[in-house]
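These numbers come from the heavy atoms of this one structure, side chains and all, not from hydrogens, waters or symmetry mates. Given the structure is predicted, the values throughout are model-derived calculations rather than measurements. Letters go in sequence order (proteins before strands), and every chain restarts at 1.
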2 protein chains.
Amino acid sequence: MADIENMEYDSLLVRFKDILKHNNLKFTKQREVVLKTMYNNDEHFSPESLYVLVKETYPELNVGIATVYRTLNLLEESDMVTSLSFGSSGKKFELGNKPHHDHMICKMCDEIIEFEDNGIEKKQEEIASKYGFKLTSHLMQLYGICKKCQKKQ
Amino acid sequence: MADIENMEYDSLLVRFKDILKHNNLKFTKQREVVLKTMYNNDEHFSPESLYVLVKETYPELNVGIATVYRTLNLLEESDMVTSLSFGSSGKKFELGNKPHHDHMICKMCDEIIEFEDNGIEKKQEEIASKYGFKLTSHLMQLYGICKKCQKKQ
DNA sequence: ATCATTGCAAAACATTTGCACAGTA
DNA sequence: TACTGTGCAAATGTTTTGCAATGAT
């Protein structure tokens, strides 16, 4: 049963349970379902859109949007999800199960393209140490117009 | 009168007036005062804090916060100001009169340190062209703990 | 004179919180 | 059992919008 397909999710789940235990928090269906929905739908979610998806997928649980917010905040504090903010609408979240990457965002269609930035990281470390700054994370977003939208113009 | 001190502001103002004219928009005291206040107080502003400062400085104009928002949005669309968003509170804006730079943000005290990133830009262009993406701008924010706050810990 | 802009208040969003009840350990 | 989590609705915070009056060209 525990085939390779589920290994990654299982390890996320174990990590989540660990975090909960270490903080004297409880493992609940709602928390599990929020994590699982993010995993099964590999995208960038707004709290609202994740909420809709969770409700559609698990209507019997009757999950409230407050719980989605609470769970996302918990997951973010525990570094299991990352948030991006751009544009005028609120944040978007993604599950941190992929290797580190950054984002290119199309101004016209809001599409998000992920890319890896081997090499830029080193430069960032250099800059930070120059200012005595202790780096914990970074956000790099490139804005512009994607291939498709360039054709439309 | 037009000494070197004011040249930079004057050129901003000319640019602003140009933008207004090209869009059939009008040059008003309120719009001018928002721009001027940003220029005179070289910082990163939330719309709210800029509003307070404008009211303090020009109480007789009785500028409303809606106008501050409208002006900031206008200035941003015209690329005269840039916005950063981070944390859970809203956006911060800065006037785009400095050479391009990025930001280091302290997680503890929210201080913003600016730095220049000669060299990273080239890499960004490379990445973008690999995806057929037409780059118009970018955002790079390094998060961590600043020198002062490290000592406090 | 014409048409955009303004301040105000209300509306629209986005997110958080208080509380009584339900669920986990 | 003890205590945390939950949904709900209300509260909060941020940004936008409709409107009648004002101001710029």
Side-chain angles (χ1 to χ4, degrees), chain A residues 13 16-37 44-56 58-78 81 83-93 110, chain B residues 13 16-37 44-56 58-78 81 83-93 110:
Chain A
L13 195 56
F16 191 26
K17 284 183 177 174
D18 259 21
I19 289 164
L20 293 172
K21 189 162 287 176
H22 278 82
N23 290 83
N24 282 317
L25 303 174
K26 286 165 186 176
F27 181 67
T28 64
K29 287 191 186 65
Q30 287 85 344
R31 283 175 174 162
E32 182 180 10
V33 146
V34 170
L35 182 68
K36 193 174 240 166
T37 304
H44 298 88
F45 295 105
S46 65
E48 173 71 25
S49 65
L50 181 55
Y51 165 68
V52 170
L53 197 50
V54 167
K55 285 212 85 145
E56 277 175 18
Y58 307 93
E60 73 284 3
L61 278 183
N62 199 20
V63 174
I65 195 163
T67 297
V68 172
Y69 273 100
R70 288 186 277 232
T71 305
L72 283 173
N73 288 341
L74 175 61
L75 288 168
E76 190 176 21
E77 281 161 31
S78 320
V81 311
S83 67
L84 339 179
S85 42
F86 61 96
S88 49
S89 46
K91 288 189 190 181
K92 292 203 174 174
F93 291 83
D110 270 2
Chain B
L13 195 55
F16 191 26
K17 284 182 178 174
D18 259 20
I19 289 163
L20 293 173
K21 188 162 289 178
H22 279 80
N23 291 83
N24 283 315
L25 303 174
K26 286 166 185 173
F27 181 67
T28 63
K29 288 193 186 63
Q30 287 86 342
R31 284 175 172 159
E32 180 180 13
V33 146
V34 170
L35 182 69
K36 193 175 239 166
T37 304
H44 298 88
F45 296 105
S46 65
E48 172 70 25
S49 65
L50 181 55
Y51 165 68
V52 170
L53 196 51
V54 168
K55 284 213 86 142
E56 277 175 20
Y58 307 92
E60 73 283 4
L61 279 183
N62 198 21
V63 173
I65 195 163
T67 297
V68 173
Y69 273 100
R70 287 187 276 229
T71 306
L72 283 173
N73 289 340
L74 175 61
L75 287 168
E76 191 178 19
E77 282 161 29
S78 321
V81 311
S83 68
L84 339 178
S85 43
F86 62 95
S88 48
S89 46
K91 289 188 188 183
K92 292 203 172 173
F93 291 83
D110 271 2

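Of the side-chain N and O atoms in A/Asn62, one or more sit less than 4.0 angstrom from OP1 or OP2 of D/dC8. Phosphate contact (OP1/OP2 of C/dG7, side-chain N/O of B/Gln30, threshold under 4.0 Å): present. Dashed line: the shortest gap from a side-chain N or O of A/Asn24 to OP1 or OP2 of D/dT4 is not under 4.0 Å. Side-chain N/O atoms of A/Lys29 include one lying less than 4.0 angstrom from OP1 or OP2 on C/dT24. In this structure, A/Arg31 reaches the D/dT6 phosphate: one of its side-chain N or O atoms is under 4.0 Å from OP1 or OP2.
Taking the side chain of B/Thr67 as heavy atoms from C-beta on, and the options D/dT15, C/dC3, C/dT6, the nearest nucleotide is C/dT6. Side-chain atoms of B/Tyr69 lie closest to D/dT15 of the nucleotides D/dT15, D/dC3, D/dT17. For B/Lys26, counting side-chain heavy atoms from C-beta on, the closest listed nucleotide (C/dT17, C/dT5, D/dT6) is C/dT5. Nearest nucleotide to the side chain of A/Thr28, out of D/dT6, C/dT24, D/dA24: D/dT6.
Atom CZ in A/Phe16 sits roughly 14 Å away from atom P in C/dT24 (whole-Å rounding). Between A/Lys92 atom NZ and C/dT15 atom C1' the separation is 17 Å, expressed in whole Å. In this structure, A/Phe27 places its CZ atom 23 Å from P of D/dC3, rounding to the nearest Å. One interatomic measurement links the two molecules: CD of B/Glu60 to C1' of D/dG23, which rounds to 16 Å at whole-angstrom precision. Atom-to-atom, CZ of A/Arg70 to C1' of C/dC19 comes out at 11 Å; the value is rounded to the nearest Å. One can place NE2 of B/His22 at 18 Å from P of C/dA4, the figure rounded to the nearest angstrom. The nearest whole Å value for the distance from the NZ atom in B/Lys21 to the P atom in C/dT5 is 14 Å. Between the P atom of C/dT5 and the CG atom of B/Leu75 lies a distance of 13 Å, rounded to the nearest Å.
The side-chain heavy atoms of A/Phe45 and A/Val34, taken from C-beta on, include no pair separated by under 4.5 Å. The side-chain heavy atoms of A/Phe27 and A/Lys21, taken from C-beta on, include no pair separated by under 4.5 Å. Counting heavy atoms from C-beta outward, A/His44 and A/Phe93 have side chains that stay 4.5 Å or more apart. Within the 4.5 Å cutoff, side-chain heavy atoms of B/Leu25 are placed close to those of B/Arg31.
Nearest heavy atom pair, residue A/Leu72 against residue A/Val81, reads O-CG2, 4.0 Å.
Nearest-nucleotide positions on DNA chain C for A/Pro47 and B/Leu61 put B/Leu61 closer to the 5' end. Looking at which nucleotide of DNA chain C each of B/Ala66 and B/Leu25 is closest to, the 5′-most match is held by B/Leu25.
With respect to the salt-bridge test (charged N to carboxylate O, under 4.0 angstrom), the residues B/Glu60 and B/Lys55 do not qualify.
The overall bend of the helix from C/dA1-D/dT25 to C/dA25-D/dT1, read as the angle between its terminal helix axes built from five base pairs each, is 40° when rounded to 10 degrees.
The line from CZ of B/Phe16 to CG of B/Leu74 is 5.0 Å long, rounded to the nearest 0.5 Å.
With hydrogens and angles left out, the side-chain atoms of B/Gln30 and B/Thr67 include no donor and acceptor closer than 3.5 Å.
B/Ile65 comes within 4.0 angstrom of no nucleic acid atom, judged by non-hydrogen atoms across all strands.
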